[in-house]
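The next block holds one structure in the form of structure tokens; read it before the comments.
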Amino acid sequence: MNDQKLKINRARLQESLEAFADFGRTERNGVTRLALSEEDRLARDYFRSCCEDIGLDVNVDDMGNMYAMLAGREERPPVVMGSHLDSVKKGGRFDGVLGVAAGLEVIRTLVENNVTPPIPVVVMNVTNEEGARFEPSMMASGVLSGKFDKETMLAKKDVEGVTFHEALRSIGYAGSIENRLKEASAFLELHIEQGPILEKEQLSIGVVECVLGMVCYEIEVTGESDHAGTTPMSMRNDALFAAMDLMKEAREKLSVIDDDLVYTIGRVNVLPNIHTVIPNKVIFSLEARHTSADVISEVEKVIHGMTASSQKAECDVSAKKLWERDTVWFEPALCDAFEQAAVSLGYSQKRMVSGAGHDAQFIASYVPSAMIFVPSVNGKSHDEDELTLWEDCEKGVNVLLETVLSLT
């Protein structure tokens, strides 16, 4: 089977992606398709009908994950391709859904060419990767991998007070725990890069070696409120000025640790947030991502050093760790298979890392897993301007197809 050079149908792939985008399409050609919403139900129904039209059995597990299987000649653990159908609010029409449409197109190509693989091939839709309606993100893959407690996740509520379990039942996709992905020969996820590297370097395929480890802290600066017009500058305990000094210090110290370190101050809350009142409290987030645990440790030393004196400009400073995760390395043999497939097809490629989280990182804890990226125009994602060229989508799915053929 390795010598077969099948190619997918780009026009059919494009048609599928545009059909999915109709379920939640926004005025600016983006998508709002929150997990377990009516739009998600319609996308799931469309996915199911596409699978059943080519003779696939579709099963659903207790977290709403969907599995469509093409039977193999032998009953062995399958090769699973997958990603997610849910989106963020006013997100793009490629994030997540490309990986599901890719798996569907791979199986369509096998079926129309009368290829029966030695082992089963499955395309999977993973529930609630984004966490935009029900937190946390990667909820269902977290339950499958034992990272999250099922009952706790089922009880999670959206802003309207609807629980995940209630929403799952309301759209008709509460299945059986017996249908869960328990074992597989491989889990393969195709995703848009969501960053600018591939486009900038004019490359077609990114072979993802790992998902970066990260740490996130919340820094709290407490000062004292006074009248903005009557309090001399020398007599102020201004929490915002102190926080600005801390942010500058963090940037100076973190910038010299390692060139590959990325760090972000993404959330800032200023209280009481009144223009005539000196701020008495500022809370801001500081997160950092890198492959090396030692580098992350250096980041934490910087944070603890910033707060060691407990004061800055007469303000109290404290830091609380919100979360952390270790770097997840993907199966080297699968990364090699992806690379070899790209080379055999004449596509430019490189090894790279993912700064964003994906379902594959959780599934990798119990199934050999790997990912590939295709370029994002201008690096845009989680935005209505998100775009991956159809040619790049096609190349990514051809690499996925060639890799599946090499593994079966």
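Please read these numbers as outputs of a predicted model, since none were measured by experiment. Values reported hereafter were calculated over all heavy atoms of this structure, with side chains retained and with hydrogens, waters and symmetry mates removed.
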query = Under 3.5 Å, is there a donor-acceptor pair linking the side chains of S37 and E39?
reply = yes
request  = Start with the C-alpha distance between D316 and T222, add both sets of side-chain angles, then the distance that settles side chain to side chain donor-acceptor pair (under 3.5 Å), and finish with yes or no.
outcome  = CA-CA 5 Å; D316 292 331; T222 304; 5.8 Å; no
key: For E151, salt bridge (Lys or Arg N to Asp or Glu O under 4.0 Å) partners two or more places apart   = none
note = Applying side chain to side chain contact (heavy atoms under 4.5 Å, CB included) to A319 and not counting sequence neighbours gives Y217, I219, I303, T307
ask   = Between K90 and D383, is the closest basic N to carboxylate O distance under 4.0 Å?
value = no
query = Looking at side-chain heavy atoms only, is the closest gap between E130 and H382 below 4.5 Å?
reply = yes
ask   = Between R133 and D158, does at least one N-O distance fall below 4.0 Å, as a salt bridge requires?
value = yes
key: Ion pair check, R351 and E339, cut-off under 4.0 Å   = yes
Under-4.0 Å salt bridge between R25 and D22 = yes
task = List the steps and the verdict of side chain to side chain donor-acceptor pair (under 3.5 Å) for N125 and Y67.
result = CA-CA 7 Å; N125 168 38; Y67 311 87; over 6 Å; no
key: Ring-ring centroid check H358 F330, cutoff 6.0 Å   = no
request  = Supply the atom-to-atom distance D238 CG to M233 CE, rounded to the nearest 0.5 angstrom.
outcome  = 7.0 Å
message = Under a 3.5 Å cutoff, is there a donor and acceptor pairing between the side chains of Y173 and D45?
response = yes
task = Identify the residue among E105, E394, E391, E15 that makes a salt bridge (charged side-chain N to carboxylate O under 4.0 Å, His left out) with R10.
result = E394
key: Pairing of R93 and E384 as salt bridge, 4.0 angstrom limit   = no
